[in-house]
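Read the structure below first, then the notes.
Computed from a predicted structure; not experimentally measured.
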2 protein chains.
Amino acid sequence: MKEKELRRSLAVLPIGTVMKLTNLSARQIRYYEEQQLVTPKRNEGNRRMYSLNDIDRLLEIRDFLDEGINMAGIKHIYDDEARKKAQKKAQLEKPLTDTDVRKILRDEFMSVSGLARDDEFSFKHNKNF
Amino acid sequence: MKEKELRRSLAVLPIGTVMKLTNLSARQIRYYEEQQLVTPKRNEGNRRMYSLNDIDRLLEIRDFLDEGINMAGIKHIYDDEARKKAQKKAQLEKPLTDTDVRKILRDEFMSVSGLARDDEFSFKHNKNF
DNA sequence: CATTCAATGTTACTTTTTCTTACATGATTT
DNA sequence: AAATCATGTAAGAAAAAGTAACATTGAATG
């Protein structure tokens, strides 16, 4: 469903439309952008252009505000989300390095065997593992 | 899926966006409207606002033109479509009459059996079928 | 071949929309 | 009370879009 994703991220809506769809004022919408909660594209003439994803985000912001959460709170929520997403993505993108694999195996081994001493069973410095 | 239908018919796009999405000039888009091939909404300020359905329609028109079909031809196609759709809708709204049922059955029978002659197998004038 | 017509381009001028910036205001928070 | 947050409002400039008229081009037709 890559197609749908693309459509939802297409910046095709002017701010006037967004105002109607979200019941937010232009001032509010621009302010939320200033606060980095949305990042609309700009067209050649410097007009803000919004995607369906942006609309969703703005509706969500509106709901958060209605719930009494302030800008800082909302920012925090989105920062959290972004961090988690970035981490998950990073994991999926590049497969584990050798070092990662060694670390995971060692950790696994340790937790299973209960070994935690730097003894003959340690993998430390064992480049051939 | 009434939700989706609604979204697709929401007039949210200004002509500038439509130009980009369809690769048509403003002149072309307005001309097709003049020819009644599309009927965008207008906002309070009299600016044309298009829906996703309108976009589809315009892309289709573009394709027809590319195929060498002229306005008249395209109009005809859409008129046909509209007539068929209206008919189907009318059918769905009020259940079939006895006459309709008889006609449908006869047509079906004819096409299956290959009979087309006015002979002893004909249902013509057989009110009791 | 000259004419006509359909489809589109172009230009001029007006109105609407959007932009930025600055200042104002009513709640909170400190 | 002073500061800060979220939003409103106003001014002036730039961009987008509207209509209307005339221009161009390619295809069909007498």
Side-chain angles (χ1 to χ4, degrees), chain A residues 10-55 57-79, chain B residues 10-80:
Chain A
L10 266 188
V12 293
L13 308 171
I15 201 169
T17 294
V18 177
M19 291 172 65
K20 287 177 195 158
L21 294 179
T22 61
N23 280 311
L24 293 169
S25 69
R27 184 69 167 91
Q28 286 175 300
I29 297 169
R30 296 198 194 104
Y31 182 66
Y32 303 155
E33 177 182 357
E34 197 178 309
Q35 302 297 313
Q36 325 236 34
L37 298 184
V38 276
T39 51
K41 294 278 186 305
R42 297 287 183 123
N43 71 4
E44 321 72 50
N46 197 39
R47 267 88 247 273
R48 292 172 178 82
M49 299 300 287
Y50 298 83
S51 70
L52 292 179
N53 281 333
D54 290 331
I55 299 283
R57 171 63 69 105
L58 287 168
L59 289 172
E60 203 174 30
I61 293 171
R62 204 191 54 183
D63 289 347
F64 284 147
L65 288 173
D66 283 352
E67 289 176 40
I69 304 175
N70 64 8
M71 289 292 119
I74 299 175
K75 267 187 239 187
H76 187 265
I77 292 170
Y78 287 136
D79 286 354
Chain B
L10 267 188
V12 293
L13 308 170
I15 202 169
T17 295
V18 177
M19 291 172 65
K20 286 177 194 158
L21 294 179
T22 63
N23 280 309
L24 292 168
S25 69
R27 184 67 166 94
Q28 288 176 297
I29 297 169
R30 296 196 194 107
Y31 182 65
Y32 303 154
E33 177 182 357
E34 197 178 311
Q35 302 297 311
Q36 326 237 34
L37 299 183
V38 276
T39 51
K41 293 278 186 306
R42 297 288 182 122
N43 72 2
E44 321 72 53
N46 197 37
R47 266 87 250 274
R48 292 173 177 82
M49 299 301 288
Y50 299 83
S51 71
L52 292 180
N53 282 334
D54 290 330
I55 299 283
D56 284 346
R57 170 64 69 106
L58 287 168
L59 290 172
E60 203 176 28
I61 293 171
R62 205 191 53 184
D63 289 347
F64 283 147
L65 289 173
D66 284 351
E67 289 176 41
I69 305 176
N70 65 7
M71 289 292 120
I74 300 176
K75 268 187 236 184
H76 188 266
I77 291 170
Y78 288 136
D79 285 354
D80 260 20

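- Within the structure, every pair that satisfies the side chain to side chain donor-acceptor pair (under 3.5 Å) test and touches residues 58-73 of chain B, not counting sequence neighbours, is listed here: B:Glu60-B:Tyr78.
- Taking the salt bridge (Lys or Arg N to Asp or Glu O under 4.0 Å) definition, one finds that B:Asp56 meets it with B:Arg8, sequence neighbours left out.
- B:Ser25 pairs by the side-chain contact (heavy atoms from CB on, under 4.5 Å) definition with B:Arg27, B:Gln28, not counting sequence neighbours.
- Qualifying side chain to side chain donor-acceptor pair (under 3.5 Å) partners for A:Arg30, counting only residues two or more places apart in sequence or in other chains: none.
- For B:Lys75, there are no salt bridge (Lys or Arg N to Asp or Glu O under 4.0 Å) partners, not counting sequence neighbours.
- For the pair A:Arg30 CZ and D:dG8 C1', the computed distance is 12 Å after rounding to whole Å.
- By the salt bridge (Lys or Arg N to Asp or Glu O under 4.0 Å) test, A:Lys41 is found to be paired with no residue, residues two or more places apart in sequence or in another chain being considered.
- Separating the CD1 atom of A:Ile61 from the P atom of D:dA6 is a distance of 12 Å, rounded to the nearest angstrom.
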Tabulated below should be each protein N or O lying under 3.5 Å from an N or O of nucleotides 24-30 of chain D; please produce it.
none

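- Here the shortest heavy-atom pairing between A:Val38 and A:Asp54 reads CG1-O, 4.3 Å.
- Taking the side-chain contact (heavy atoms from CB on, under 4.5 Å) definition, one finds that A:Thr17 meets it with A:Leu13, A:Pro14, A:Leu21, B:Val12, B:Met49, sequence neighbours left out.
- Between the axis at the start and the axis at the end of the helix from C:dC1-D:dG30 to C:dT30-D:dA1 there is an angle of 20°, using five pairs per end and rounding to 10 degrees.
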Extract from the structure each pairing of a protein N or O with an N or O of nucleotides 7-9 of chain C at less than 3.5 Å, listing the distance.
unit_1, atom_1, unit_2, atom_2, d
C:dA7, OP1, B:Met71, N, 2.8
C:dA7, OP2, B:Tyr31, OH, 3.0
C:dT8, OP1, B:Gln28, NE2, 3.1
C:dT8, OP1, B:Tyr32, OH, 3.0
C:dT8, OP2, B:Tyr32, OH, 2.9
C:dT8, O4, B:Arg27, NH2, 2.9
C:dG9, OP2, B:Ser25, OG, 2.5
C:dG9, N7, B:Arg27, NE, 3.1
C:dG9, O6, B:Arg27, NE, 3.3
C:dG9, O6, B:Arg27, NH2, 2.9

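- Residues from residues 40-53 of chain B with heavy atoms under 4.0 angstrom of DNA chain D, sorted by number: B:Arg42, B:Asn46, B:Arg47, B:Arg48.
- In the region residues 11-20 of chain B, proximity to DNA chain D at under 4.0 angstrom, judged on heavy atoms, holds for B:Pro14, B:Ile15, B:Gly16.
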